[in-house]
Amino acid sequence: MTALVGIMNKRAAVMAADSAMTVTKDGKSKIYNTETKIFQVSNHPVGVMIYGSLEFMDTPWELILKLFYKKWGDKEHKTIKEYAEDLISFLDDNDYFCDKDSQESYLVDEFMSYFYRTMNLARYYASQDGIDEEQAPAPEYIRKAMEHLLRDYEEFGINPAWKHYGFDKFQSDTKDALKGLSGFLEDRGVSADMEYEWVRGLYEYCRSNALEETTGLVFVGYGSKDIFPSLVELQVAGAYEGKLRSWFGSVEQIDRNNSATICLFAPKDVIHSLLKGLRPDLHEYIVDMMEDKVSSIKNDILNTLVEQGVSRDVIEKVAALDVNDVRQKFVDQLAQKIQDSSISGVVDAVESFNIADMVKMAESLISVTNLHRHFSSSEESVGGPVDVAVITKTEGFVWLSHKPSVI
C-alpha cells in the first residue's frame, strides 16, 4: 500500500511518499521498504509521484520514467499537463513496452476481472430469490448484473482513446485473445449462447474510465509560464490494439485565488481523519444511514396516510418527494461544515509555511500513516524511510531522499 501527499503554496511544491511495497506469495503478504515512488522527469522544475500498480504491462514504472527522463528531460512546456501528455506520447512511441501477446494477455486478465465481478453480482441477485449461491446463476440474473454494471461504467464516462473504437472492430480484434471463451463459459456452467453478450460487456468495461488495476502518476511543478506550482494527476491502466486506457484526474493550481493546498493520494483514510476529522468510509456510512432513515420515515408517513384514508392525490405528492434531493443537501451541508471547521484552518496555515515547514508536514503525514499501519497490520513492521522532494521555480527539483520515519 502506498501513501503519497503533495503540499503546495506560492513558495514551492513538496512531494512525499513512503517506500513500502507489498509482495504476495503463496497467499502470504510481506512488506518491503525498498520502492522509490518519486521521480525527476525533467531538467526543468517537474517531478512525478506514483501510486497503485508499480508496473505497466509488466514493465516497471521506475524504468519507464527513467527512460522518459533520459529522452525528454530537456523539453520544456508551458503547463504541467503537457508533461503528462508527453508521457502518453512516449508510451505510444514505444509500443507500450510490450508485444502483441502481452496486450492479449492483458485483455484476458481484464475479461477475468469483468467476468467474476459480473458473476458475483448475478449470484447475489439469484440469492435474493432464494437460489443457492453455489449454483451457476441463470442467464436472466447474469443479464441483470451486466445491465447494472453497464450503468456504473456509463457514469465513469468513455475513455478518450476508445471513443471512436467501435464494437465490431473490437469483436474482430479480440477473436484470437478470446478464442476459448465458449469452453470457458461452459466449464463454469454458463451458457455459451451468451458469448456475444460477454464480449459486448467486456467492450463496455474496457472503453469506460472504470479502471481497476491502475497507476496514478501525479505530475507536480512549474510550466514555463507558471509563477506558482500546479499538480496534475494521470491515471493509466494498460493498452490494447494501440489504445492506451488513461484519463486525467485531480488538477490543482496555486494562484491568487488558491494560495495553498494539500493533495492526498492512496490511502486517504488516515490523513483524511487528521485533516477533515472524518474518515471517508465513516463519511459514506453517515450519508447512507441518513438516506436510509429518511426513506424509512417517508414510507412510515405514506403508510400512515393510507391508513387514515387521505386522498390519493396527497399520497402521490408525498410519494413523489425526492429523497436524493435531501441526501444531496445533507452531503453539501456536511462538506461545508468540514471545510469550515477543519480544512480551512489547515490550508490557511500552509499558506504561510516556509519550505522547511512544508517538508516537516509532508513527512509527518506519511509517518502517521505508517504508524497507523504498524498497529493495524499483521506484519512485524511496516515503517521505513519517507522520500521527499522539493520543487521551486528557481532551484528546480531538489531530492531529499530517505528521510527517517517515526517508526
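If you read the sequence from its start, that first residue is 1, and numbering goes on from there. Here the structure is a predicted model, which means the values were calculated and not measured.
In terms of modelled atom types and a separation under 3.5 Å, the side chain of Ser259 and the main chain of Arg256 share no donor-acceptor contact. Judged purely by atom type and a 3.5 angstrom limit, Asn354 uses its side chain to pair as donor or acceptor with the backbone of Asp357. Side chain of Asp129 to main chain of Ile131: no donor-acceptor pair is present (N/O by atom type, distance under 3.5 Å, no hydrogens or angles). In terms of modelled atom types and a separation under 3.5 Å, the side chain of Thr59 and the main chain of Glu55 share no donor-acceptor contact. Judged by distance alone, with hydrogens and angles left aside, the side-chain atoms of Asn9 form a donor-acceptor pair with the main-chain N or O of Phe353 at under 3.5 Å. Here the side chain of Asn159 pairs a donor or acceptor atom with the backbone of Ser246 at under 3.5 angstrom. A donor-acceptor pair under 3.5 Å links the side-chain atoms of Gln40 to the main chain of Ser42, judged by distance alone. In terms of modelled atom types and a separation under 3.5 Å, the side chain of Asp132 and the main chain of Gln135 share no donor-acceptor contact. Side chain of Tyr51 to backbone of Thr215: no donor-acceptor contact under 3.5 angstrom is found. With Ser352 contributing its side chain and Ala349 its backbone, the two residues share a donor-acceptor pair below 3.5 Å.
Rounded to the nearest 0.5 angstrom, Leu321 CG and Ser295 OG are separated by 11.5 Å. In this structure, the separation between CZ on Phe115 and OH on Tyr205 is 15.0 Å, given to the nearest 0.5 Å. For the atom pair CE (Met112) and CG (Asp109), the distance works out to 8.5 Å, reported to the nearest 0.5 Å. The CG atom of Asn258 lies 9.5 Å from the CD atom of Glu351; values are rounded to the nearest 0.5 Å. Taking CG of Leu234 as the reference point, atom OG of Ser250 lies at 11.5 Å (rounded to 0.5 Å). Rounding to the nearest 0.5 Å gives a distance of 8.5 Å between CE of Met119 and CG of Leu185.
Nearest approach of Val108 to Ala177, heavy atoms of both residues: CG2-O, 3.5 Å. Closest approach of Ile38 and Ala389 over heavy atoms only: CG2-CB, 3.8 Å. Taking each heavy atom of Phe228 and Ile254 in turn, the nearest pair found is CB-O, 3.3 Å. Considering every non-hydrogen atom in both Asp226 and Ser230, the closest pair reads OD2-OG, 3.9 Å. The two residues Val386 and Glu363 make their nearest non-hydrogen contact at CG1-CA, 4.4 Å. What you find for Ile50 and Leu4 is that their closest heavy atoms are O-CD1, 3.3 Å.
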Run Val46 and Ile80 through side-chain contact (heavy atoms from CB on, under 4.5 Å) and show every step you take. CA-CA 8 Å; Val46 181; Ile80 288 298; 3.8 Å; yes

His148 and Lys144: CA distance, side-chain angles, deciding distance, side-chain contact (heavy atoms from CB on, under 4.5 Å) verdict: CA-CA 6 Å; His148 176 94; Lys144 184 177 180 180; 5.9 Å; no

Tell me, with the steps shown, if Leu54 and Glu35 meet side-chain contact (heavy atoms from CB on, under 4.5 Å). CA-CA 9 Å; Leu54 298 178; Glu35 281 298 314; 3.6 Å; yes

Dump the intermediate steps for side-chain contact (heavy atoms from CB on, under 4.5 Å) on Leu149 and Tyr114, then the final yes or no. CA-CA 9 Å; Leu149 292 175; Tyr114 170 70; 4.2 Å; yes

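Salt-bridge annotation for Arg123 and Glu134: absent, with no side-chain N of the basic residue lying under 4.0 Å from a carboxylate O of the acidic one. Between Arg151 and Glu155 there is no salt bridge, since no side-chain nitrogen of the basic residue lies less than 4.0 Å from a carboxylate oxygen of the acidic one. Between Lys169 and Asp173, at least one side-chain N (NZ, or NE/NH1/NH2) sits under 4.0 Å from a carboxylate O, which counts as a salt bridge. At a threshold of 4.0 Å, the pair Glu110-Arg245 counts as salt-bridged, since one of the basic side-chain nitrogens sits closer than that to a carboxylate oxygen. Salt-bridge check for Glu147 with Arg143: failed, with every basic side-chain N at 4.0 Å or more from each acidic carboxylate O. Salt-bridge formation is not detected for the pair Lys37/Asp387: no Lys NZ or Arg NE/NH1/NH2 atom is positioned less than 4.0 Å from an Asp or Glu carboxylate oxygen.
With ring centers used as reference points, Phe111 lies 6.0 Å or more from Tyr106. For an aromatic pair to be called close, the ring centres must be under 6.0 Å apart, and Phe219 with Tyr83 fails this.
The side chain to side chain donor-acceptor pair (under 3.5 Å) with Tyr96 is formed by just one residue from the set Asn94, Asp92, Asp93; it is Asp92. Just one of Val14, Thr261, Ile262 meets the side chain to side chain contact (heavy atoms under 4.5 Å, CB included) condition when paired with Val350; it is Ile262. Just one residue in the list Phe97, Phe68, Trp61, Phe90 forms a ring pair (Phe, Tyr, Trp, His ring centres under 6.0 Å) with Phe56, and that residue is Trp61.
Cation-pi contact between Arg207 and Tyr165: absent, since separation from the ring centre below 6.0 Å together with deviation from the ring axis within 45° is not met. Figure legend: cation-pi geometry between Lys66 and Phe39 absent, as NZ or CZ is not positioned both under 6.0 Å from the six-membered ring centre and within 45° of its axis. Cation-pi contact between Arg188 and Phe184: present, with separation from the ring centre below 6.0 Å and deviation from the ring axis of at most 45°.
Between Ser224 and Glu76, the side chains place no donor N or O within less than 3.5 Å of an acceptor N or O (distance only, hydrogens not considered). For Ser182 and Glu195, the side-chain atoms include at least one donor-acceptor pair closer than 3.5 Å. Judged by distance alone, the side chains of Thr79 and Glu82 do bring a donor and an acceptor atom under 3.5 Å apart. Side-chain contact annotation: Ser296 with Asn299, donor-acceptor N/O pair under 3.5 Å absent.
The side-chain heavy atoms of Cys206 and Leu202, taken from C-beta on, include a pair separated by under 4.5 Å. Two residues are said to be in side-chain contact when any heavy atoms from C-beta on lie closer than 4.5 Å; Leu400 and Val390 meet this criterion.
Other residues, nucleotides and ligands place more than 12 heavy atoms under 6.0 Å from the CD atom of Gln128. For Asp152, the CG atom is densely surrounded, since the number of other residues' heavy atoms within 6.0 Å is greater than 12. Within 6.0 Å of CZ in Phe156 there are 12 or fewer heavy atoms belonging to other residues, nucleotides or ligands.
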